[in-house]
Amino acid sequence: MNDDAPHPPDRTDDELARLDITVLLRYGLTAGAGARRTALFGDGAAAAAVLLDRLGTEPRSVAFLADTVRAGGLARAVELPEPLPRRAAADLVREWLRAGAELMGGIAADDTAATWLRAVATVIELRQLTRARGGSA
């Protein structure tokens with residue numbers, strides 16, 4: 001590993017919350033390995049987790065949505081009347097699902113979106129566990 005390589009700056013929750021996740025999804029879901037995909041699964045997943053965690057979303061709800069996307073695709077998930085419990089979280093994630101569905105990237109984009117949602121669920125869970133143990137998240 002090259003220790004001289006630049007490292008991305010640490011971002012605060014507020015900085016992450018200001019990221020445009022819709023744009024990250026539009027450019028990252030169908031991108032190959034590289035900066036766009038890294039941004040989506042790095043800062044994008046962390047930002048989505050911050051926003052959904054702030055809305056009181058349980059990680060299992062996001063994981064269930066990931067399974068739904070994997071099984072039926074983004075286009076089907078957009079049609080869900082309530083993709084997540086709580087209206088604010090549902091509205092937010094519906095915007096993200098719509099951005100992914102508009103790409104018409106097929107099964108590959110659906111699978112990437114499902115994997116990304118699983119990553120978001122994992123980050124939410126880690127944030128909650130850290131808080132429960134008295135840390136800051």
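Quantities reported herein were computed from a predicted structural model and do not represent experimental measurements.
At least one donor-acceptor pair closer than 3.5 Å links the side chain of R37 to the backbone N or O of G28. In this structure a side-chain-to-backbone donor-acceptor pair under 3.5 Å is present from T68 to F64. Within the 3.5 Å criterion, the main-chain N or O of T57 finds no donor-acceptor partner in the side chain of S61. One N or O on the side chain of W116 and one on the backbone of L40 form a donor-acceptor pair closer than 3.5 Å. The backbone N or O of L74 sits less than 3.5 Å from a side-chain atom of D110, completing a donor-acceptor pair.
Between A119 and A45, the shortest heavy-atom contact is CB-CB, 4.4 Å. Between L24 and G44, the closest heavy-atom pair is CD1-CA, 3.6 Å. Nearest approach of L19 to A47, heavy atoms of both residues: CD1-CB, 4.0 Å. Residues P83 and L80 share a closest heavy-atom pair of CD-O, 3.7 Å. The two residues V69 and A114 make their nearest non-hydrogen contact at CG1-N, 4.0 Å.
With sequence neighbours excluded, the residues forming a side-chain contact (heavy atoms from CB on, under 4.5 Å) with R76 are E79, listed by chain and number. Legend: residues meeting side-chain contact (heavy atoms from CB on, under 4.5 Å) with E95, ordered by chain and number and at least two apart, are T22.
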Is there a side-chain contact (heavy atoms from CB on, under 4.5 Å) between V50 and R127 once you walk through the steps? CA-CA 8 Å; V50 166; R127 290 174 57 80; 3.7 Å; yes

Check the pair T115 / R118 against side-chain contact (heavy atoms from CB on, under 4.5 Å), numbers first and verdict last. CA-CA 5 Å; T115 302; R118 275 279 175 186; 5.6 Å; no

Salt bridge (Lys or Arg N to Asp or Glu O under 4.0 Å) for D20 and R26? Distances and angles first, verdict last. CA-CA 10 Å; D20 190 337; R26 282 189 187 128; over 6 Å; no

Trace of the salt bridge (Lys or Arg N to Asp or Glu O under 4.0 Å) decision for D14 with R54: CA-CA 11 Å; D14 289 338; R54 287 180 174 178; 2.7 Å; yes

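Distance CG/L16 to CG/L51: 8.5 Å, rounded to 0.5 Å. With values rounded to the nearest 0.5 angstrom, E102 atom CD is found 11.5 Å from L29 atom CG. In this structure, the separation between CG on L84 and CG on L52 is 6.5 Å, given to the nearest 0.5 Å. We find the CH2-CD1 distance between W96 and I21 to be 4.0 Å, quoted to the nearest 0.5 Å. Note that CZ of R70 is 8.5 Å distant from OG1 of T112, once rounded to the nearest 0.5 Å.
Between L97 and L25 there is no side-chain heavy-atom pair separated by less than 4.5 Å.
Cluster membership check: V123 does not share its hydrophobic cluster with L55, using side-chain heavy-atom separations under 4.5 Å among Ile, Leu, Val, Met, Phe, Trp and Tyr.
Ion pairing between a basic and an acidic side chain is recognised when a charged N comes within 4.0 Å of a carboxylate O; R60 and D67 show no such pairing.
Within 6.0 Å of OH on Y27 lie no more than 12 heavy atoms contributed by other residues, nucleotides or ligands.
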Hey, can you pull the donor-acceptor pairs under 3.5 Å for the side chains in residues 85-94, sequence neighbours left out?
| residue | atom | partner | partner atom | Å |
| --- | --- | --- | --- | --- |
| D91 | OD1 | R94 | NH1 | 3.2 |
| R94 | NH2 | P81 | O | 2.9 |

